[in-house]
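Take a look at the structure set out below.
We count residues from 1, following the sequence as given.
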Amino acid sequence: MTANLPAPASPVLDYLERSRSHIFLTGRAGTGKTTLTRALLERLGPSAAVLAPTGVAAMQAGGQTLHSFFRLPPRLVEPSDIRRLRHARAVRALKTLVIDEISMVRSDMMWAIDASLRLNRESAEPFGGVRMIVVGDLAQLPPVVREEEAGYLDMSYGGPFFFHPPVFRDAGFTLVELTKVFRQEDPDFLNILNAVRTGELTRDEGAVLNTRVTGRSGLEASATHVVLTPTNEAAFRINAQRLDALPGAPQLIEGKTSGQFDGRILPTDDPLILKRGARVMLLRNDPGGRWVNGSLGEVVGFADPGVMVKIGEDVHRIEPVQWDRHAYNFDASAKTLTKETVGSFTQIPLRLAWAMTIHKAQGLTLDRVYLDLPGRLFAHGQAYVALSRARTLEGMELSRPLRPSDIITDQRIFDVKSYCDPVPDGVLE
């Protein structure tokens, strides 16, 4: 389920809409960055585009990937990769560019965005005169940097993160940091999560977290908790074992793909294999507010079309929905930016939910979470993302004690504050 989030009307939303400054919108997990960004895009209308570094993030944001929009290769970007675009008129019509999940954007990509915008808009201004709003939490998903690429990024841009290229400082970004957390309410738990986020967990705080260690395996815990695990293989194994243990024959529900829709970014399985009694997660908000993206339920029957799911005390028919992939173009008659659907995937918006990867749990709020940690956590921010999915400390279990080596934080992420201007007084009140 999701936490209560800030109302769309707020001083910070007004500022984001009316200010002409470039913005880095950030905040801890559960502060409402996604809700605020969606409300902002509604206000900005067709003069703005939203892009993201991955296909999944772009689909969730309702936009296009950075690579496809700027026609860039899936490798280190070099100066020879910057070229005039066929949709240059769409680029010239752009007034505001919103980039979601900015923490995943590498320094070479940020440099390339600036270079491409300058070339295709024929402007020497930073980012070709486009106003930039970048959104994300540097303490969560990091950019993917291979060992052999790290030295090149350090030498060429000063580091791997999006704020390292000189254009970030030249452009002058204002830091807007949301501070009110809507997901958790216990101040002691919030302090522990913040210590994990900054890599400054004390011995006493670690001891409090480790009181949540139980003797249960991930499979045992999945009866009552959502199991989060670092790997797809572990999540698949638990879901498959739970599904196989249910009586009755499985139902296979085929999805439908049309146009340009990469099978690697499908939001759920195709085919979707379910049984009565299966625990599932809803993947779309209900327009009537009866459930949200992340709500948990139990399959109680099958309809044509749809699946009957018990959510709380009520049973609802969950029918197929369509996910779209978008591309931005230019409307010559209106002289405005347009967003077109170039591909779609239709399926029941459900996913087996006894277990999932930490990565797929990004953005979710869960009442009962079991962290299945068979080995060492292996990425910057992974422990913070996993722990911050839990609404309360009491609702969380650990498979083993967390060790100092599990809390991996790249301290360079905190340098971004020295590269940004402070937000004006009163905006965040």
- Note on the structure: Rounding to 0.5 Å, atoms CZ (Phe69) and OG (Ser116) come to a distance of 8.0 Å
- Non-hydrogen side-chain atoms of Val292 and Leu282 separated by less than 4.5 Å: no
- Please, which pairs that meet side-chain hydrogen bond (donor to acceptor under 3.5 Å, both in side chains) have at least one residue in residues 138-147, sequence neighbours excluded? Asp137-Gln140, Gln140-Gln362, Arg146-Glu149
- Message: Checking side-chain polar atoms at under 3.5 Å, does Thr268 have a donor or acceptor matched by the opposite partner on Gln347?
- Response: no
- Query: Should we count CD of Gln260 as having more than 12 external heavy atoms under 6.0 Å?
  - Reply: no
- Would Thr198 and Thr409 count as a side chain to side chain contact (heavy atoms under 4.5 Å, CB included) if you check the C-alpha gap in whole Å, the side-chain angles of each, and the deciding distance to 0.1 Å? CA-CA 7 Å; Thr198 59; Thr409 302; 5.9 Å; no
- Query: Are more than 12 heavy atoms from other residues, nucleotides or ligands located less than 6.0 Å from atom CZ of Arg169?
  - Reply: yes
- Query: Counting only heavy atoms not in His359, do more than 12 sit closer than 6.0 Å to its NE2 atom?
  - Reply: no
- Query: Is the backbone N or O of Gly259 less than 3.5 Å from a side-chain atom of Arg325, with the two atoms forming a donor-acceptor pair by type?
  - Reply: no
- Query: Counting N and O atoms only, with roles assigned by atom type, does the side chain of Asp372 sit under 3.5 Å from a partner on the main chain of Gly218, one being a donor and the other an acceptor?
  - Reply: no
- May I ask you to say whether Lys339 pairs ionically with Asp324, meaning some side-chain N is under 4.0 Å from a carboxylate O? no
- Message: When you compare the side chain of Leu266 with that of Phe261, does any pair of heavy atoms fall below 4.5 Å?
- Response: yes
- Does any non-hydrogen side-chain atom of Val134 lie less than 4.5 Å from one of Leu97? no
- Query: How close do Glu17 and Arg43 get, heavy atom to heavy atom, and via which atoms?
  - Reply: OE1-NH1, 2.8 Å
- Side chain to side chain, Met109 and Phe70, heavy atoms closer than 4.5 Å: no
- Does any N or O in the side chain of Arg106 come within less than 3.5 Å of the main-chain N or O of Pro143, such that one atom is a donor and the other an acceptor? no
- Task: Please step through side chain to side chain contact (heavy atoms under 4.5 Å, CB included) for the pair Val208 and Asp204, ending with a clear verdict.
- Result: CA-CA 6 Å; Val208 171; Asp204 289 344; 5.8 Å; no
- Task: List the steps and the verdict of side chain to side chain contact (heavy atoms under 4.5 Å, CB included) for Leu371 and Arg212.
- Result: CA-CA 10 Å; Leu371 302 188; Arg212 305 309 304 160; over 6 Å; no
- Item | Main-chain N/O of Leu51 paired to Tyr328 side chain as donor or acceptor, under 3.5 Å | no
- If a pair satisfies ring-ring contact (aromatic ring centres under 6.0 Å, His included) and one of its residues is in residues 185-217, list it, with sequence neighbours excluded. none
- Is a side-chain N or O of Asn191 found less than 3.5 angstrom from the main chain of Pro187, in a donor-acceptor match? yes
- Query: Between Ile23 and Met132, is any pair of side-chain heavy atoms under 4.5 Å apart?
  - Reply: no
- Message: To the closest 0.5 Å, what do you measure between CD1 (Ile265) and CD (Gln60)?
- Response: 10.0 Å
- Spacing of CG belonging to Leu402 relative to CG belonging to Leu373, to within rounding of 0.5 Å: 6.0 Å
- Note on the structure: side-chain hydrogen bond (donor to acceptor under 3.5 Å, both in side chains) pairs touching residues 81-105, sequence neighbours excluded, are Arg75-Asp81
- Query: Who are the side-chain contact (heavy atoms from CB on, under 4.5 Å) partners of Ser258, not counting sequence neighbours?
  - Reply: Ser344
- Item | His164 and Phe161 aromatic ring geometry - parallel, tilted or perpendicular at 30°/60° bounds | tilted
- Item | Where Pro53 and Met104 come nearest, the two heavy atoms and their spacing | CG-CB, 3.7 Å
- Neighbour count above 12 (heavy atom, 6.0 Å) for Phe330 CZ: yes
- Item | With sequence neighbours excluded, residues passing side-chain contact (heavy atoms from CB on, under 4.5 Å) with Tyr152 | Leu76, Met155, Ser156, Tyr157
- Rounded to the nearest 0.5 Å, the CG atom of Asn239 sits from the CG atom of Leu219 at a distance of 10.5 Å
- Message: Could you tell me if the side chain of Val196 sits less than 4.5 Å from the side chain of Leu209, heavy atoms only?
- Response: yes
- Task: Would you check if the side chain of Arg121 reaches a backbone N or O of Val91 as a donor-acceptor pair within less than 3.5 Å?
- Result: yes
- Message: Could you tell me if the side chain of Arg279 sits less than 4.5 Å from the side chain of Leu352, heavy atoms only?
- Response: no
- Item | Aromatic ring proximity, centroids under 6.0 angstrom, Phe162 and Phe24 | yes
- Look at the side chain of Arg389 and the backbone N and O of Val385, then say whether any donor-acceptor pair between them is shorter than 3.5 Å. yes
- Message: Can you list everything that forms a side-chain contact (heavy atoms from CB on, under 4.5 Å) with Ser405? Sequence neighbours excluded, please.
- Response: Arg376, Arg403
- Item | Lys33 side chain to Leu25 backbone, donor-acceptor under 3.5 Å | no
- Task: Determine the minimum heavy-atom distance between Asp154 and Pro160, stating which atoms define it.
- Result: OD1-CD, 4.0 Å
- Query: Hey, are the side chains of Ile311 and His316 touching, using non-hydrogen atoms and a 4.5 Å cut-off?
  - Reply: yes
- Message: Between Arg264 and Gly55 (side chain of the first, backbone of the second, donor and acceptor by atom type, cut-off under 3.5 Å), is there such a pair?
- Response: no
- Query: Taking the six-membered ring of Phe182 as reference, does the NZ or CZ atom of Lys180 fall below 6.0 Å from its centre and within a 45° cone about the axis?
  - Reply: yes
- Check Thr346 against Pro320 and note the closest heavy-atom contact, atom names and distance. CG2-CB, 4.0 Å
- Will you find, in the side chains of Arg216 and Thr224, an N or O donor that is under 3.5 Å from an N or O acceptor? yes
- Hey, does the side chain of His380 reach the backbone of Leu138 with a donor-acceptor pair shorter than 3.5 angstrom? yes
- Query: What closest approach, in Å, do Phe127 and Ile113 show between heavy atoms, and which atom pair accounts for it?
  - Reply: CD2-CG2, 4.3 Å
- Query: Going through the distances and angles, do Leu398 and Leu387 end up as a side chain to side chain contact (heavy atoms under 4.5 Å, CB included)?
  - Reply: CA-CA 10 Å; Leu398 304 176; Leu387 294 167; 4.2 Å; yes
- How long is the gap from CG on Leu366 to CZ on Arg183, to the nearest 0.5 Å? 8.5 Å
- Message: If I take atom OG1 from residue Thr54 and atom NE2 from residue His67, how far apart are they, to the nearest 0.5 angstrom?
- Response: 10.5 Å
- Message: Testing the basics here: between Pro126 and Arg118, what is the closest heavy-atom pair and its distance to 0.1 Å?
- Response: CA-NH2, 3.5 Å
- Query: Between Asp406 and Arg400, is the closest basic N to carboxylate O distance under 4.0 Å?
  - Reply: yes
